[in-house]
Amino acid sequence: MNELPIQRVLPELLDRLRRGGSAVLVAEPGAGKTTQVPLAFIHEEWLSGRKIVMLEPRRLAARSAAEYMSRMLGEQPGGTVGYRVRMDSRTSRATKIEVVTEGILTRMLQSDPGLEDVGMIIFDEFHERNLQGDLGLALALEAKAALREDLRILVMSATLEAEPVAALLGNAPVVNCPGRQFPVETVYRPPAAGTPLEKHMAAVIREASASHPGDVLAFLPGRGEIRRVQAELESGGIPADCVVRPLYGQLPQKEQEAAVLPDPQGRRKWILATSIAETSLTIDGVRIVVDCGYMRTQLFSARTGMPYLATDRVSRASADQRRGRAGRTAPGIAYRLWSHEVQNHLRSRNTPEMLQTDLAPLALELAAWGVQDPRDMLWLDPPPENAYERGKELLQRLGAARPDGSVTEKGRKMAELGLHPRLSAMMLQAEEMGQSGLAAVLAAVLQERDIFRAGPGAGPDSDIRSRVQAVNRWEQQGVAGSHIDEAALKRIVQESRYMQKRLDTNSAGAWQIEKSGLLLSFAYPDRIGQSRGGGKFLLTSGRGVELPGEQPLSREAYVTVAAVDDRKGAEGKILLAAPVSLEDLRRHHGDDITEETTVEWDPSLGGVKSRHQLRLGAIVLRESPAAEPPAEAVAQALLDGIRAEGLGILAWTKQAVQLRQRLQLMHEADPDWPDMGDEALLEHLEEWLLPYLYGIKSRSGLQKLQLVPILEQMVGWDKKSRLDQEAPTHITVPSGSKIAVDYSNPKQPVLAVKLQEMFGLHETPKICFGKIPLTIHLLSPAQRPVQITSDLASFWKHGYFEVKKDLKGRYPKHYWPDDPLEAIPTRRTRPHPQ
DNA sequence: TCTTCTTA
């Protein structure tokens with residue numbers, strides 16, 4: 001057998017760690033680090049009989065690493081080399097190397113912070129930057145600093161950028177190792193403008209398969225895209241020696257195997273996969289990779305406390321990892337469905353899980369570890385404050401932590417259960433109710449992949465009780481039923497039995513399946529939903545969610561929503577839920593139920609509604625009219641109503657409108673006068689309107705308010721008398737008529753008057769401290785405007801004679817003097833001689 | 001119409 005590249009760097013690595021401390025090993029794929037490195041250390045003297053613990057991100061990887069190393073020693077796992085993952089371990093007194101999943105290290109450290117029987121911890125695949133890996137390293141560094149200076153830490157990573165980790169380990173030495181892989185040619189093939197990515201993907205798969213040997217592995221974001229590409233390929237016809245195989249996590253195990261194993265009929269596989277094939281599954285025989293360049297990840301909204309899915313461009317590291325899948329067994333080719341330009345803008349790494357996930361589990365571990373402030377610890381990326389605070393709040397709500405962040409006795413038990421704190425809280429509560437059996441199944445269903453596959457013609461089913469019933473049928477009769485993934489069902493059964501066993505319980509009562517929603521409410525007190533009709537629910541957190549499609553659950557009054565996909569700007573989508581009775585909510589969440597009297601403007605009523613409410617968070621469990629709401633609250637609610645509906649809700653009479661316009665004119669000339677614009681009036685409602693609102697409850701009451709005296713009161717007597725002078729309601733014209741001034745444009749007040757009434761007036765009248773000339777609309781005898789002017793003197797001199805000629809033709813009986821400034825003004829046809 | 005993992 002060829003020497004593996006890792007052999008050449010092992011002496012250096014051994015030497016570095018003999019001197020104590022830590023090291024970073026950067027090894028490219030194919031170097032052989034996972035199996036060679038731990039074995040190289042087992043005879044080191046400094047171990048002095050202690051174990052080596054190696055961390056793997058996945059159970060499968062932990063088991064196969066242990067199996068491989070055991071085989072090299074001619075042993076079975078559980079001898080010199082063992083493993084430990086959830087629900088399964090092979091170790092013995094002889095075990096010197098224990099391969100564990102990342103979460104196991106946390107449990108080991110929490111029960112024995114000095115890790116007395118461990119001499120060395122190896123973090124494998126650390127570049128994946130899973131939350132559990134980051135947490136494990138942070139805890140291990142504290143253990144080393146405080147209790148175990150001799151503890152060796154080796155971080156192994158497949159990609160460069162080792163410097164930050166080396167720095168975190170106290171300037172640890174970095175050892176580099178080349179890999180051993182077959183060359184893979186890279187081709188950039190962006191879709192032509194207007195071509196959908198899925199259509200393009202199908203065309204490239206076809207072309208690549210025709211011109212290169214081997215199986216095709218195509219990367220897509222999710223199930224929907226996979227189905228559409230499959231349909232596209234099938235509609236164009238598939239060569240007889242090829243077969244399309246979808247591959248994603250939700251796919252039943254049998255179908256996943258069909259994608260991973262060689263085709264029994266020897267056909268070439270066209271595998272359409274999600275990122276599951278990037279690291280979790282390896283497929284032999286792939287020589288062609290087609291990468292669409294997108295990946296779907298779950299993000300966590302600290303605002304709503306709910307997760308959501310997002311589809312984004314892959315990172316360069318992911319794209320390289322995907323490409324490498326074509327060179328495992330022979331030289332290959334990788335098609336990237338994006339341009340060089342896009343390639344240059346890809347982010348270099350995936351976002352560490354720490355920065356985008358729910359941090360309640362982390363907060364619980366740190367509380368149990370005794371940490372008050374995570375900033376006191378060493379992190380590559382410290383937990384973001386928002387999400388961490390949100391996590392701490394949830395722990396408090398679940399009774400796991402005190403307000404100062406310290407862990408409670410219950411919290412310690414929850415951490416030991418090794419579940420999400422929500423599910424642990426439910427388990428403990430269920431134990432007291434004698435329902436730990438049912439709770440264990442609910443927790444297992446929520447932890448594992450869904451066992452349901454919608455059958456043909458079956459509607460959506462978000463009721464978690466159907467899964468519980470399937471588990472029940474399996475336990476009672478050993479039948480899985482159609483549309484059920486049997487392998488997933490078995491995992492759930494195993495998981496639920498395991499969890500129930502871990503509660504030191506003797507209270508396994510018969511399942512009361514109708515209590516599912518209640519049990520879930522102990523895990524998700526912020527996601528108890530009240531029906532709003534049409535399958536929509538309002539959650540106690542204040543968020544709106546809805547069921548996908550019509551289903552019986554839509555008719556329930558209250559549900560607990562366990563699994564949900566939050567969507568920005570829309571109702572979140574309920575994935576799994578169960579009904580809960582109002583009676584149970586009142587009995588078990590009584591401490592969270594608040595009583596309050598609300599006084600609100602009700603737009604449909606057009607008035608103030610006051611109610612006495614029993615609330616559970618944002619949802620109202622019961623309400624009744626409140627007998628005597630406080631007057632101040634009613635007045636405030638009226639103001640809310642006016643703000644919501646606008647000033648138009650008040651009765652603006654002609655006089656009131658004109659008064660407001662006149663005041664606005666004054667304001668524009670002198671800012672010392674109040675602003676009468678809508679915005680300003682609404683902003684100052686409390687000052688000018690509130691005192692008049694007592695006793696009023698509705699729109700009709702508001703409309704009885706006399707606005708003229710209210711506005712006059714607002715400006716005060718002094719300003720009111722100046723207003724009458726400087727912005728008069730009427731102007732007396734030469735004929736003796738009192739004509740109303742039109743202030744509807746406060747910058748240009750208008751005086752509309754018959755031309756004949758103005759004879760003898762030399763100059764345009766001015767108002768507002770003589771600053772604003774009136775705009776005069778001179779009217780014909782029939783009240784039609786014939787001229788608009790703000791310069792009367794000029795009109796008499798120039799414009800009048802043209803106008804006169806015209807008017808004389810149309811109104812011959814009227815008086816049209818040649819000298820308008822000397823003529824007698826009149827409102828009649830001709831002036832009456834005295 | 002839901003990406004992938006994980007807790008002695």
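Each chain gets a letter, A, B and so on, in the order its sequence line appears, and its residues count up from 1.
- Side chain of A:Arg58, nearest nucleotide from B:dT4, B:dT3, B:dT6: B:dT6.
- The nearest heavy atom of DNA chain B to A:Leu60 and to A:Leu576 marks one nucleotide each, and the one closer to the 5' end goes with A:Leu576.
- If you measure from atom NZ of A:Lys573 to atom C1' of B:dC2, you get 7 Å, rounded to the nearest angstrom.
- Between A:Arg555 and A:Glu550, at least one side-chain N (NZ, or NE/NH1/NH2) sits under 4.0 Å from a carboxylate O, which counts as a salt bridge.
- Atom pair A:Gln132:CD and B:dT6:P shows a separation of 10 Å (rounding to whole Å applied).
- Distance A:Glu353 CD to B:dC5 P: 12 Å, rounded to the nearest Å.
- For the OP1/OP2 pair of B:dC5 and a distance below 4.0 Å, the side-chain nitrogens and oxygens of A:Arg449 include at least one atom meeting the criterion.
- Comment: A:Glu448 does not engage A:Arg467 in a salt bridge, judged by the lack of any side-chain N to carboxylate O separation of less than 4.0 angstrom.
- Checking the phosphate oxygens (OP1, OP2) of B:dT4, no side-chain nitrogen or oxygen of A:Thr297 falls inside 4.0 Å.
- If A:Ser280 and A:Arg227 are placed on DNA chain B by their nearest nucleotide, the residue sitting closer to the 5' end is A:Arg227.
- Per the geometry, CE belonging to A:Met499 stands 11 Å off C1' belonging to B:dT7, to the nearest Å.
- Atom-to-atom, CG of A:Asp312 to P of B:dT3 comes out at 14 Å; the value is rounded to the nearest Å.
- A search for ring pair (Phe, Tyr, Trp, His ring centres under 6.0 Å) contacts involving A:Tyr335 returns nothing, not counting sequence neighbours.
- Note on A:Arg107: a base of the nucleic acid sits closer than 4.0 angstrom, heavy atoms only.
- Atoms CG (A:Asp450) and P (B:dC2) sit 12 Å apart, rounded to a whole Å.
- Whole-Å rounding puts the A:Arg322 CZ to B:dT3 C1' distance at 10 Å.
- Rounding to whole angstrom units, CG of residue A:Leu272 and P of B:dT3 are separated by 14 Å.
- For the 3.5 Å distance criterion, the side chains of A:Gln551 and A:Ser462 qualify, holding a donor opposite an acceptor.
- A:Val100 comes within 4.0 angstrom of nothing in the nucleic acid, heavy atoms only.
- Between A:Arg449 and A:Asp485, none of the side-chain N atoms (NZ, or NE/NH1/NH2) sits under 4.0 Å from a carboxylate O, so this pair counts as no salt bridge.
- Residue A:Thr279 has no polar side-chain atom (N or O) positioned under 4.0 Å from OP1 or OP2 of B:dC5.
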